[in-house]
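Below: the structure, in structure tokens.
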Amino acid sequence: MKACSMKDSYSVLAQVVLPMQANTAGNVHGGEIMKLMDNAAGVAAQKHARTNCVTARVEELNFKRPIHVGEIVSCKSQVIYAGRSSMEVFVTVESEDAINDRKQIALTAFFTMVAVDKHGKPCAVPPLTYDADNAYESKLYSEGEKRYLARNKRKS
Ligand SMILES: CC(C)(COP(=O)(O)OP(=O)(O)OC[C@H]1O[C@@H](n2cnc3c(N)ncnc32)[C@H](O)[C@@H]1OP(=O)(O)O)[C@@H](O)C(=O)NCCC(=O)NCCS
């Protein structure tokens, strides 16, 4: 199986927050953003695995800043670690006040996505490569690997 790089799976889903996605104070509901993040994680995982992928786990979901009606939400995702059939996808949500040209990171999370075959059974994914000279990619990969190994240790 041909290896894929971290950059190969990089994806961005963007949308404007509508009033029906928010509470009466204009703050977007957390579940609305989580759905977008799940979608973005699925897109990155499918780009890497080239097969159907399901969500198995979400870790370290951090709501750092509120998002308001009218802001642009950009959900960025990329596979940062690959096991045999599972992939860890880092998802970052940036909210943008386009009128005042202000951007901030509103949420981040790590999704474990599992590649499945047509019977819904886990199947192998391509190896993941990263740029060892890029400190950001190296850190994401080694932390992803640590979480993967720790999960396996807990399981056994
Ligand atoms: C995810 C799923 C396919 C795993 O199937 P399984 O038969 O338990 O698979 P295995 O135990 O052989 O594990 C397969 C891989 O998934 C990983 N995995 C399974 N459950 C996991 C979990 N809860 N968290 C993290 N990784 C998990 C394993 O570590 C393994 O990784 P590896 O192949 O890279 O080493 C299965 O549990 C499933 O279909 N779950 C429902 C998924 C779904 O419908 N999600 C939508 C949200 S409701």
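Counting starts at 1 for both ligands and their atoms, following the listed order. What you see below is based on every heavy atom in this structure, not just the backbone, and it leaves out hydrogens, waters and symmetry mates.
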Shortest protein heavy-atom distance from atom 23 (N) of ligand 1, along with the residue and atom involved: A56 O, 3.4 Å
For A124 against M1, the heavy-atom pair lying closest together: O-CE, 3.5 Å
Shared hydrophobic cluster, Y136 / Y130 (ILVMFWY, side-chain heavy atoms < 4.5 Å): yes
Shortest protein heavy-atom distance from atom 26 (N) of ligand 1, along with the residue and atom involved: T112 CG2, 3.5 Å
Over 12 non-hydrogen atoms of neighbours within 6.0 angstrom of CG in N62: yes
Protein non-hydrogen atom below 4.0 angstrom of atom 41 (C) of ligand 1 present: no
Option nearest atom 46 (C) of ligand 1 (shortest heavy-atom distance, choices V125, T55, D117): T55
Any protein heavy atom < 4.0 Å from atom 8 (O) of ligand 1: no
Ion pair check, K76 and E94, cut-off under 4.0 Å: yes
Contacting atoms of ligand 1, where contact means under 4.0 angstrom from a heavy atom of R151: 25 (C)
Closest protein heavy atom (residue, atom, distance) for atom 33 (O) of ligand 1: S85 OG, 2.7 Å
Check: R147 and E59 side chains under 4.5 Å, non-hydrogen atoms: yes
Atom 19 (C) of ligand 1 protein-contacted, heavy-atom criterion under 4.0 angstrom: no
Parallel, tilted or perpendicular: ring planes of F110 versus F90, cut at 30 and 60 degrees: parallel
Given V58, V79, L61, the one that forms side-chain contact (heavy atoms from CB on, under 4.5 Å) with F111: V58
Nearest non-hydrogen protein atom, atom 29 (O) of ligand 1: K155 NZ, 3.4 Å
Distance from atom 38 (C) of ligand 1 to nearest protein heavy atom, with residue and atom: V54 CG2, 4.6 Å
Atom 14 (C) of ligand 1 touched by protein (heavy atom, under 4.0 Å): yes
Residue-ligand contact K121/ligand 1, heavy atom below 4.0 Å: no
Atoms of ligand 1, numbered as shown, that sit under 4.0 Å from any heavy atom of G83: 34 (O)
Salt bridge flag under 4.0 Å for residues E88 and R57: no
Side chain to side chain, L107 and I33, heavy atoms closer than 4.5 Å: yes
Nearest protein heavy atom with distance in Å, relative to atom 35 (O) of ligand 1: Y148 OH, 2.6 Å
C53 vs M87 side-chain heavy atoms within contact, under 4.5 Å: yes
Atom 2 (C) of ligand 1 protein-contacted (non-hydrogen atom, under 4.0 angstrom): no
ILVMFWY network linking M37 to I72, side-chain heavy atoms under 4.5 angstrom: no
Atom 44 (O) of ligand 1 touched by protein heavy atom at under 4.0 Å: no
Residue, atom name and distance, where the atom is the protein heavy atom closest to atom 16 (O) of ligand 1: V114 CG2, 3.3 Å
Nearest neighbour in protein (non-hydrogen) for atom 6 (P) of ligand 1: P122 CG, 4.1 Å
